[in-house]
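To keep things clear, I will list the structure first and then write my remarks on it.
All values derive from a computational prediction rather than experimental measurement.
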Amino acid sequence: MHVYQNAIEMIGRTPMLRLHRLDTGPCELYLKLEYMNPGGSIKDRIGLSMIEEAERRGDLKPGGVIVEATAGNTGLGLALVAAQKGYRLILVLPDKMSQEKIFNLRALGAEVVLTRSDVGKGHPEYYQDLGAAIAKRQGAYFINQFANPDNPKAHEFTTAPEIWEQMEQKLDAVVIGVGSSGTIAGLAAFFKKHAPHVELVLADPVGSILAEFITTGKMTQKTGWLVEGIGEDFIPEIADFSMTKRAYSISDGESFSVARELLQKEGVLAGSSTGTLLASALRYCREQKTPKRVVTLACDTGARYLSKLYNDFWMEDQGFIQRETYGDLRDLIGRPHGERATITVGPNDVLTTAHNRLRNAGFSQLPVMDGERLIGVVTEDDILRFAFGHPERFNEPVNKAMTSTFLRVDKSQTLNNLVAMLEVRSSAAVMDGEKFLGLVTRSDVLNYLRRQVK
């Protein structure tokens with residue numbers, strides 16, 4: 001087995017997996033596992049290409065500063081290469097990015113600037129415009145993946161030849177998404193020369209303009225989407241759709257569902273955009289009348305989305321998983337106690353335990369349970385009042401700091417009354433007689449109301 005000398009050498013040459021447990025119609029469907037790049041995504045390829053080509057031209061010199069606007073994975077690819085080569089890297093990200101990506105970027109040494117994801121191109125806080133402005137102020141090299149020809153080069157000279165070789169030059173279609181459009185442009189450049197019969201199929205999130213553009217030539221203003229890394233509200237400069245005649249629009253819900261199905265049936269933990277690509281590939285395959293050999297990509301690792309699409313509670317909060325409804329306050333409980341979803345603490349547990357559970361879960365209050373009986377609630381405020389000035393009290397039991405006079409409401413109470421009560425208390429314990437059903441917080445009410453929006 002080959003021994004690599006650094007992480008950069010490990011970029012590319014990713015495995016190809018044939019999928020067997022999904023319904024692919026008459027077709028053979030293959031998944032190129034791009035998440036097995038050292039930085040966890042296909043964007044390692046362009047991170048390396050764009051930096052090394054800039055070095056060759058003299059645009060980047062030792063100790064230089066790089067700025068880029070990215071939806072996440074390009075930043076990780078750049079951060080991996082920049083760290084190995086000793087460059088300072090500033091990344092501008094839309095604020096919808098997963099926390100896992102942001103933590104990963106900072107751990108690699110990148111400086112992260114978060115900006116709004118609800119504004120379009122031309123707005124000063126749009127991530128690309130803000131990135132360009134920061135680069136100009138800093139006198140830094142602006143990578144600009146959306147207009148950088150070194151982006152598609154990475155795919156023309158590495159990704160596409162690998163696919164062609166792995167498929168033994170027997171290939172009918174490749175299903176890909178578009179963010180910066182480097183992948184589709186690079187694959188188009190390669191297959192035009194070597195296999196012009198290969199069809200490039202676009203997978204696009206609902207809300208993006210690209211599928212409509214491919215299908216009708218029009219670009220209607222669209223809405224936002226939750227899938228990360230693909231979909232656009234403009235046509236990138238480097239785009240090449242000349243080999244793309246077919247496009248599919250995939251909803252967030254379908255993307256997340258298919259990504260989860262991929263994990264359950266094929267054992268592949270991939271990200272949200274992979275769900276979009278795979279859903280499109282499955283539609284394409286099932287529509288065919290004759291057998292075809294089709295490739296799509298596992299663009300990045302699903303480990304970056306554990307708090308999102310692989311988190312049942314997040315999926316419920318977003319309305320992608322539907323629980324049984326009751327028509328009473330049980331419908332507002334985010335973490336039902338009967339499903340062992342409530343994070344609790346015991347009266348004799350030490351306050352350090354309570355604080356750790358609050359901090360790890362991102363909550364501000366915990367029910368205190370004595371067996372199956374709710375006897376109190378402990379909040380951050382309770383712990384602060386009890387332990388401030390006396391840090392040794394973190395070793396005291398929870399029952400010394402908890403609140404016993406907490407708000408209880410019967411499950412049959414009206415929503416209006418609950419909201420009125422939550423104006424003065426941060427949470428309420430929903431009860432069925434003496435049986436504790438779960439806490440409802442102001443955040444739970446907001447999530448419930450948001451789900452009512454059609």
Got a sec, which residues hit salt bridge (charged side-chain N to carboxylate O under 4.0 Å, His left out) with Arg373, two or more places apart in sequence or on another chain? Asp370
Would you find a donor on one side and an acceptor on the other, under 3.5 Å apart, between the side chain of Arg330 and the backbone of Leu437? no
Asp172 side chain to Arg293 backbone, donor-acceptor under 3.5 Å: yes
Taking the side chain as every heavy atom from C-beta outward, state whether Val294 and Val201 have any pair of such atoms under 4.5 Å apart. no
Hey, does the side chain of Asp129 reach the backbone of Gly122 with a donor-acceptor pair shorter than 3.5 angstrom? yes
Derivation of the side-chain hydrogen bond (donor to acceptor under 3.5 Å, both in side chains) call for Asp252 and Ser255: CA-CA 5 Å; Asp252 286 327; Ser255 297; 5.4 Å; no
Between the side chains of Thr14 and Glu34, does any donor sit under 3.5 Å from an acceptor? yes
Would you check if the side chain of Thr342 reaches a backbone N or O of His337 as a donor-acceptor pair within less than 3.5 Å? yes
Measuring only between side-chain heavy atoms, which start at C-beta, is Leu19 closer than 4.5 Å to Leu262? yes
Within-4.5 Å side-chain heavy-atom neighbours: Gln413 and Asp328: no
Residues two or more places apart in sequence or in another chain: which of them pass side-chain hydrogen bond (donor to acceptor under 3.5 Å, both in side chains) with Glu396? Lys400
Pairing of Arg323 and Glu316 as salt bridge, 4.0 angstrom limit: yes
Give me the atom names and distance for the closest heavy-atom approach of Val227 to Phe256. CG2-CE2, 4.0 Å
Between Val198 and Phe191 the two heavy atoms that sit nearest each other are CG2-CD2, 4.0 Å
Test log, rule side-chain hydrogen bond (donor to acceptor under 3.5 Å, both in side chains), inputs Ser412 and Asp410: CA-CA 5 Å; Ser412 61; Asp410 188 79; 2.6 Å; yes
Carboxylate-amine/guanidinium contact Glu254 Arg283, below 4.0 Å: yes
Carefully, step by step, assess Val409 and Val440 under the rule side-chain contact (heavy atoms from CB on, under 4.5 Å). CA-CA 10 Å; Val409 294; Val440 171; over 6 Å; no
Restricting to non-hydrogen atoms, name the atom on Asp233 and the atom on Lys121 that form the minimum distance, rounded to 0.1 Å. OD2-N, 4.2 Å
Testing the basics here: between Arg304 and Asn73, what is the closest heavy-atom pair and its distance to 0.1 Å? NH1-OD1, 2.9 Å
Does any N or O in the side chain of Lys218 come within less than 3.5 Å of the main-chain N or O of Glu212, such that one atom is a donor and the other an acceptor? no
Heavy-atom check, side chain of Val268 versus side chain of Thr274, under 4.5 Å: no
Between Asp312 and Arg260, does any NZ, NE, NH1 or NH2 come within less than 4.0 Å of an OD or OE carboxylate oxygen? yes
Less than 4.5 Å apart, any side-chain heavy atom of Thr74 and any of Ile143? no
Hey, what's the ring geometry for Trp314 with Phe320, parallel, tilted or perpendicular (30° and 60° as the breaks)? tilted
Would you call the rings of Tyr284 and Tyr248 parallel, tilted or perpendicular if under 30° counts as parallel and over 60° as perpendicular? perpendicular
For the pair Asp432 and Lys411, find out whether any cationic side-chain nitrogen is under 4.0 Å from an anionic carboxylate oxygen. yes
Go through the steps for Leu130 and His123 under the test side-chain contact (heavy atoms from CB on, under 4.5 Å), then give the verdict. CA-CA 8 Å; Leu130 182 57; His123 191 286; over 6 Å; no
With a 4.5 Å cut-off on side-chain heavy atoms, are Tyr30 and Leu171 touching? no
Looking only at heavy atoms, which two atoms of Ile184 and Leu200 are closest? And how far apart? O-CD1, 3.9 Å
So that I can tick it off, tell me whether Asp23 and Arg286 are bridged by a salt bridge, with the cut-off set at under 4.0 angstrom between side-chain N and carboxylate O. yes
Okay, side chain of Ser41, backbone of Lys43: is any donor-acceptor separation there less than 3.5 Å? yes
Please name the pair of heavy atoms, one in Leu332 and one in Val445, separated by the smallest distance, quoted to 0.1 Å. CD2-CG2, 3.8 Å
Given Met431 and Leu374, is the side-chain contact (heavy atoms from CB on, under 4.5 Å) satisfied, shown in steps? CA-CA 10 Å; Met431 310 294 294; Leu374 178 67; 4.1 Å; yes
Apply the test side-chain hydrogen bond (donor to acceptor under 3.5 Å, both in side chains) to residues Ser117 and Asp95: give CA-CA distance (whole Å), side-chain angles for both, the deciding distance (0.1 Å), then the verdict. CA-CA 6 Å; Ser117 56; Asp95 56 16; 2.6 Å; yes
Let me see the working for Asn356 and Thr353 under side-chain hydrogen bond (donor to acceptor under 3.5 Å, both in side chains), right down to the final yes or no. CA-CA 5 Å; Asn356 284 339; Thr353 298; 5.7 Å; no
For the backbone of Asn144 and the side chain of Asn148, can you confirm whether one donor and one acceptor N or O come within less than 3.5 Å of each other? no
Is the backbone N or O of Lys265 less than 3.5 Å from a side-chain atom of Arg21, with the two atoms forming a donor-acceptor pair by type? yes
With no hydrogens and no angle check, is any side-chain donor or acceptor of Glu339 less than 3.5 Å from a backbone partner on Arg335? no
Backbone N/O of Asp44 and side chain of Asn37: donor-acceptor pair under 3.5 Å: no
Would Leu439 and Phe363 count as a side-chain contact (heavy atoms from CB on, under 4.5 Å) here? Give the steps. CA-CA 11 Å; Leu439 283 185; Phe363 297 159; over 6 Å; no
